[in-house]
Amino acid sequence: MDYKGYIAECISKALNDDLDKVLGLLSVPPNENMGDVAFPCFSYAKQFRKAPAMIAQEVLERIKSDSDFDEKIIAKMEVAGGYLNFFLNRNEFISSVVSDVVEKGVDFARSDEGNNKKVIVEFSSPNIAKPFHIGHLFSTSLGNSIEKIYSYLGYDTVKINHLGDWGTQFGKLISAYKRWGVDEDILKDPINELLKIYVKFHQKAEENPSLEDEARMYFKKLEDGDEEIVRLWKFFVEVSMKEFSRVYNMLNISFDSYAGESFYQDKMPEVIEMLEEKGLLEDSEGARVVTFGDMPPCIIIKKDGTTIYATRDIAAAIYRKRHYDFHKNIYVVGLPQTLHFKQVFGVVDKMGFGWADDCVHVGFGTVRFPDKKLSTRHGDVVFLEDVLNESIAKTREIIENSSTTKEIENVDEVATKVGIGAILFTFLRNARERDIVFTWEDILDFEGESGPYVQYSYARGKSILRKAEEQNIEYRGAKLDVLDSQEEFALVKLIKDFPEAIRNAANKYEPSIVTRHIVDVAQAFNKFYNSCSILKAEEDVMKARLNIVEASCICIKTGLNLLGIEEVEKM
RNA sequence: GUGCCUAUAGCUCAGCAGGAUAGAGCAACGGCCUUCUAAGCCGUGGGUCAGGGGUUCGAAUCCCUUUAGGCACGCCA
């Protein structure tokens with residue numbers, strides 16, 4: 001049942017005004033005892049030359065006298081100031097929402113509005129031969145969640161890990177390797193050892209800038225396919241991927257494609273040719289660029305003849321359009337690259353590809369330390385794997401010290417799911433464009449608006465449902481219209497609103513909207529849990545409440561899963 | 001210098017296609033475990049929504065401006 005829609009219909013009939021316009025005006029009163037849905041009449045004052053309150057009163061009367069008016073849906077209407085407030089019939093509302101959710105399960109908010117249209121999500125994209133650090137979790141968690149949200153809404157999604165496996169940095173790495181690399185050490189601890197020589201390169205290059213030229217020379221060799229250099233490059237890629245997949249396994253994240261930058265190596269000449277043909281390339285200080293009227297030029301070929309990341313991104317976009325024929329091509333990449341993507345999409349647009357408008361850069365903030373910025377080049381890194389392990393360890397400790405935790409058969413599994421969920425949750429809680437200041441204290445805070453809080457609410461609910469099952473209580477299909485308390489109503493309203501939150505999150509590429517919503521649901525659930533006894537209630541009420549518990553669990557689980565977080569049955 | 005972003009409680013943040021008394025969490029203080037998991041719940045205190053103009057019946061929300069931060073602005077990605 002679409003309650004808002006029904007109310008809008010009543011009003012639009014009474015006012016003889018456009019349904020969508022009325023729907024857009026509907027809001028929620030600031031206070032529960034003022035009603036559930038509010039219709040502000042101010043905007044009609046001029047048109048009708050009447051005071052808003054008077055208009056509200058007239059609308060109220062017309063709706064009431066309409067023969068179609070259904071008192072089973074709207075229990076009461078009230079004029080308050082210039083608002084017409086609607087009170088829903090709680091029994092009816094709770095009953096219909098809860099039975100629907102329980103019947104459909106985790107698919108209750110699913111939709112097919114995506115119509116199987118192809119949506120590409122490029123995310124994570126770590127750099128080969130560099131550590132997978134805490135900063136990478138932003139793109140990784142966001143992209144993973146965005147993909148799940150779109151998939152849930154019926155889109156056909158493709159997850160692409162655009163590996164940073166090409167570029168001048170490899171020239172630097174190879175130069176460093178040739179100078180200081182020791183195979184034995186590298187094989188023992190690849191990423192750390194490669195990082196060490198990479199850092200050393202930057203230190204030495206500060207004193208001796210000619211090292212940069214050497215690095216460029218090696219990258220040129222790599223692009224030209226020099227056998228020895230390519231072999232080295234392959235070695236770096238191989239050892240890095242092994243490390244990365246360990247982290248992806250912990251996070252339970254997978255990809256449909258690992259086509260990174262190197263994949264587009266042989267696809268660039270054609271792009272350059274196309275650009276040349278369309279007369280878009282200009283000479284500028286020895287380089288070949290595409291210029292714009294309203295932003296800085298985009299370099300396509302550097303003066304040493306090699307390509308640059310913009311060239312690869314353009315080639316990648318064209319390849320993806322051909323290969324996937326996407327409806328939408330999403331890049332989950334940090335905010336500092338905003339201009340870069342504007343330029344890349346701008347070039348694609350200039351090439352005459354209308355689908356440039358279907359490419360979207362989803363930016364996000366920076367993970368910072370309280371004092372400084374995270375910088376791989378200086379070697380101050382917090383490894384993601386360390387953070388995850390620390391969080392798991394802390395979770396285990398809490399489980400062991402808890403007086404209320406039930407006996408858990410699979411402590412490791414629970415600690416892993418809760419510990420990792422806590423970290424993911426932290427990254428998906430706030431608007432993505434905000435920076436995250438990393439402190440161990442904050443990231444391991446498991447109280448309040450946190451992943452464990454939400455998982456805990458779920459586990460509490462499931463605990464009750466288990467008990468009901470053990471006692472052979474058959475609550476499914478029970479009469480539900482016996483409930484109308486404030487706590488129950490508030491909780492069910494939030495569950496009812498969940499699908500809209502998901503749609504909202506998709507439109508804004510903002511998983512935090514889902515995160516916030518399930519925190520609200522969990523809060524409402526805990527209030528309900530604390531104020532209404534369930535298994536000890538009178539039979540009708542008990543059975544009805546068990547249905548609310550199940551609906552709450554379904555909603556919370558669905559939300560967590562859309563964030564890439566797993567629920568636990570006990571904790 | 002040019003462009004983009006941000007500024008809301010002591011701290012971290014919601015709210016921002018304008019709407020009624022600006023909300024959470026953390027921290028502080030005071031309560032609640034003989035009853036379904038206290039990783040919980042209830043309560044108290046805490047605000048010049050950065051400053052100033054404007055639009056509007058109505059502004060944290062829209063426009064202008066000042067200030068303070070951040071980021072980006074060609075051969076890294």
Side-chain angles (χ1 to χ4, degrees), chain A residues 24-25 27 29-31 34 38 40 42-43 45-46 51-52 80-83 85 125 127 164 166-169 171-172 212 215-216 219 261 284-289 294-304 306-310 312-313 333-340 342-343 363 365-366 368 377 395 398-399 402-406 418 422 429-431 433-437 439 441-442 445-457 459-468 512-513 516 519-520 522-523 526-527 529-537 542 545 549 570-571:
Chain A
L25 283 170
S27 63
N31 198 315
M34 295 172 80
F42 306 98
S43 58
K46 245 180 219 155
Y83 294 87
N85 291 334
S125 314
N127 291 323
W166 206 251
T168 316
Q169 50 173 338
K172 293 177 183 178
E212 303 274 359
R216 270 189 282 274
F219 177 55
E261 296 179 56
S284 172
E285 298 167 38
R288 304 278 288 160
V289 306
D294 53 352
M295 63 181 156
C298 179
I299 295 180
I300 303 294
I301 303 170
K302 297 185 285 190
K303 65 180 165 203
D304 66 359
T306 61
T307 58
I308 189 167
Y309 64 115
R312 284 187 280 281
D313 274 342
V333 179
L335 234 24
Q337 293 193 47
T338 305
L339 177 60
H340 164 71
K342 263 193 194 158
Q343 291 173 319
T366 311
R368 294 180 294 130
R377 292 217 281 260
T395 305
I398 292 174
I399 291 172
S402 166
S403 57
T404 50
T405 300
K406 302 299 184 205
V418 175
R429 177 175 42 197
N430 295 334
E433 304 205 345
R434 296 198 91 101
D435 287 350
I436 290 181
V437 175
T439 63
E441 196 191 344
D442 286 347
D445 182 3
F446 291 180
E447 281 165 24
E449 295 172 338
S450 68
Y453 173 87
V454 176
Q455 285 167 316
Y456 180 71
S457 312
R460 273 178 141 183
K462 289 302 285 227
S463 175
I464 293 177
L465 295 177
R466 267 197 310 274
K467 285 204 163 94
S512 69
I513 293 171
R516 301 249 160 216
V519 168
D520 289 345
Q523 276 175 344
N526 281 319
K527 280 178 198 192
Y529 179 96
N530 270 65
S531 59
C532 305
S533 54
I534 297 159
L535 292 171
K536 298 231 158 49
M542 172 190 70
R545 283 187 177 155
V549 173
K570 295 178 185 177
M571 67 184 273

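Reckoned from all heavy atoms, side chains included, excluding hydrogens, waters and symmetry mates. Convention: sequence-line order gives letters A, B, ...; per-chain numbering from 1. Computed from a predicted structure; not experimentally measured.
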Atom CG of A/D304 and atom C1' of B/C75 are separated, to the nearest Å, by 8 Å
5'-most contact on RNA chain B (nearest-nucleotide basis), A/Y453 vs A/R216, goes to A/Y453
With syn defined as a glycosidic angle within 90 degrees of 0 and anti as anything else, the base of B/A17 is syn
### Task
Compare side-chain N and O positions of A/K46 against OP1 and OP2 of B/C57 and report whether any pair is under 4.0 Å apart.
yes
Write down the distance separating the C1' atoms in B/C33 and B/A38, rounded off to the nearest Å. 7 Å
A/S284 and A/V289 have their tightest heavy-atom pair at CB-CG2, 3.9 Å
To the nearest angstrom, the CG-P distance between A/D445 and B/A27 comes to 7 Å
Taken to the nearest whole Å, CE/A/M295 to C1'/B/C73 is 12 Å
Rounded to whole Å, the CG-P distance (A/N430 to B/A24) equals 17 Å
Per atom distances to the A/Q337 side chain, the nearest of B/A77, B/A20, B/A39 is B/A77
Next on the checklist: Please report the distance separating the P of B/G45 from the corresponding atom of B/A39, rounded so that it comes out in whole Å.
Outcome noted: 27 Å
- Task: Indicate whether OP1 or OP2 belonging to B/C42 is found under 4.0 Å from a side-chain N or O atom of A/K527.
- Result: yes
Side-chain contact check for A/E285: nearest option of B/C36, B/A24, B/C75 is B/C75
**OP:** Would you indicate, yes or no, if B/C36 has its OP1 or OP2 atom less than 4.0 angstrom from a side-chain nitrogen or oxygen of A/K462?
**Re:** no
From CG of A/D442 across to P of B/C11 the rounded distance in Å is 13 Å
The reported gap from CZ in A/F42 to CG in A/L25 (rounded to nearest 0.5 angstrom) is 11.0 Å
Exercise. When you compare B/G52 with B/C42, how far apart are their C1' atoms, in angstrom units rounded to a whole number?
Worked result: 43 Å
Counting any heavy atom closer than 4.0 Å, what does A/A45 reach on the DNA or RNA strands: base, sugar-phosphate only, or nothing? nothing
From the candidates B/C75, B/A39, B/U37, the one with an atom nearest any side-chain atom of A/V418 is B/A39
Winner on side-chain proximity to A/V289, out of B/A20, B/G74, B/G40, is B/G74
task = Could you tell me whether the phosphate oxygens of B/C76, OP1 or OP2, come under 4.0 Å of any side-chain nitrogen or oxygen in A/K302?
result = yes
For B/A39, does the base pair up with any side-chain atom of A/Y456 as donor and acceptor (N or O, under 3.5 Å, distance only)? no
Which part of the nucleic acid does A/S284 contact within heavy-atom distance under 4.0 Å: base, sugar-phosphate only, or nothing? base
**Study point:** Pairwise P distance for B/G10 and B/A17, with rounding to whole Å
**Key:** 26 Å
So, does A/R460 get its side chain near the phosphate of B/A38, meaning an N or O under 4.0 Å from OP1 or OP2? yes
Rounded to the nearest 0.5 Å, the OG1 atom of A/T338 sits from the CD atom of A/E433 at a distance of 7.5 Å
Looking across every strand, which nucleic acid part, if any, lies under 4.0 Å from A/P40 by heavy atom: base, sugar-phosphate, or nothing? nothing
With syn meaning chi within 90° of zero and anything else anti, the base of B/C13 is anti
| Using a cut-off of less than 4.0 Å, is there contact between a side-chain N or O of A/S463 and OP1 or OP2 of B/C36? | no
note: A/H340, atom NE2; B/G74, atom C1'; distance rounded to Å ~ 13 Å
What nucleic acid atoms does A/K303 come within less than 4.0 Å of, heavy atoms only: base, sugar-phosphate, or nothing?
-> base
The nucleotide from B/A39, B/C41, B/G25 with an atom nearest the side chain of A/S402 is B/A39
- [ ] Considering only atom P, compute the distance from B/A9 to B/G54 and round it to an integer number of Å.
- [x] 25 Å
Within the structure shown, what part of the strands sits under 4.0 Å from A/M571 by heavy-atom distance: base, sugar-phosphate, or nothing?
base
Practice task
Check whether any side-chain heavy atom of A/N430 sits under 4.5 Å from a side-chain heavy atom of A/R516, and report yes or no.
Solution key: yes
#### Entry: A/R545 side chain near A/I464 side chain, heavy-atom distance below 4.5 Å
no
note: A/Y529, atom OH; B/C33, atom P; distance rounded to Å ~ 15 Å
Per atom distances to the A/F42 side chain, the nearest of B/A27, B/C57, B/G74 is B/C57
The nucleotide from B/A38, B/A39, B/A77 with an atom nearest the side chain of A/F446 is B/A39
| message | Measuring only the C1' atom in each nucleotide, how far is B/U6 from B/C49? A whole number of Å is fine. | response | 14 Å
Between A/P29 and A/N85 the two heavy atoms that sit nearest each other are CG-OD1, 4.1 Å
- Side chains of A/E212 and A/K172: does their closest heavy-atom pair fall under 4.5 Å? yes
Among the nucleotides B/A20, B/U37, B/A14, whichever has the atom closest to the side chain of A/A431 is B/A14
task = Would you indicate whether the side-chain heavy atoms of A/I534 and A/K467 approach each other to under 4.5 Å?
result = no
Any stem touching RNA chain B, meaning at least three consecutive Watson-Crick or G-U pairs under 3.5 Å, ordered by first number, would be B:1-7 with B:67-73, B:10-13 with B:23-26, B:28-32 with B:40-44, B:50-54 with B:62-66
Looking only at heavy atoms, the pair that brings A/F446 and A/A422 closest together is CE2-CB, 3.5 Å
Separation of B/C5 atom P from A/L339 atom CG, nearest Å, is 13 Å
Which of B/C76, B/A39, B/U21 is nearest the side chain of A/T168? It is B/C76
Answer whether the closest heavy-atom distance between the side chains of A/Q343 and A/P296 falls below 4.5 Å. yes
Per atom distances to the A/R516 side chain, the nearest of B/C26, B/U37, B/A14 is B/A14
Margin query: When the C1' atoms of B/G46 and B/G30 are compared, how many Å lie between them, rounded to an integer?
Written below: 16 Å
By nearest-heavy-atom nucleotide on RNA chain B, the more 5' of A/N85 and A/F219 is A/N85
Under 4.0 angstrom, heavy atoms only, what part of the nucleic acid is A/I308 near: base, sugar-phosphate, or nothing? sugar-phosphate
> In whole Å, what separates the P atom of B/U61 from that of B/G18?
Replying inline: 12 Å
message = With a 4.0 Å cutoff (strictly under), does any side-chain N or O of A/R434 reach OP1 or OP2 of B/U12?
response = no
| Has the side chain of A/R429 got a donor or acceptor atom that lies under 3.5 Å from a matching backbone atom of A/E449? | yes
- Can a donor-acceptor pair under 3.5 Å be found between the side-chain atoms of A/S457 and the base atoms of B/G40? no
Residue pair A/N526 / A/Y453, side-chain donor-acceptor N/O under 3.5 Å = yes
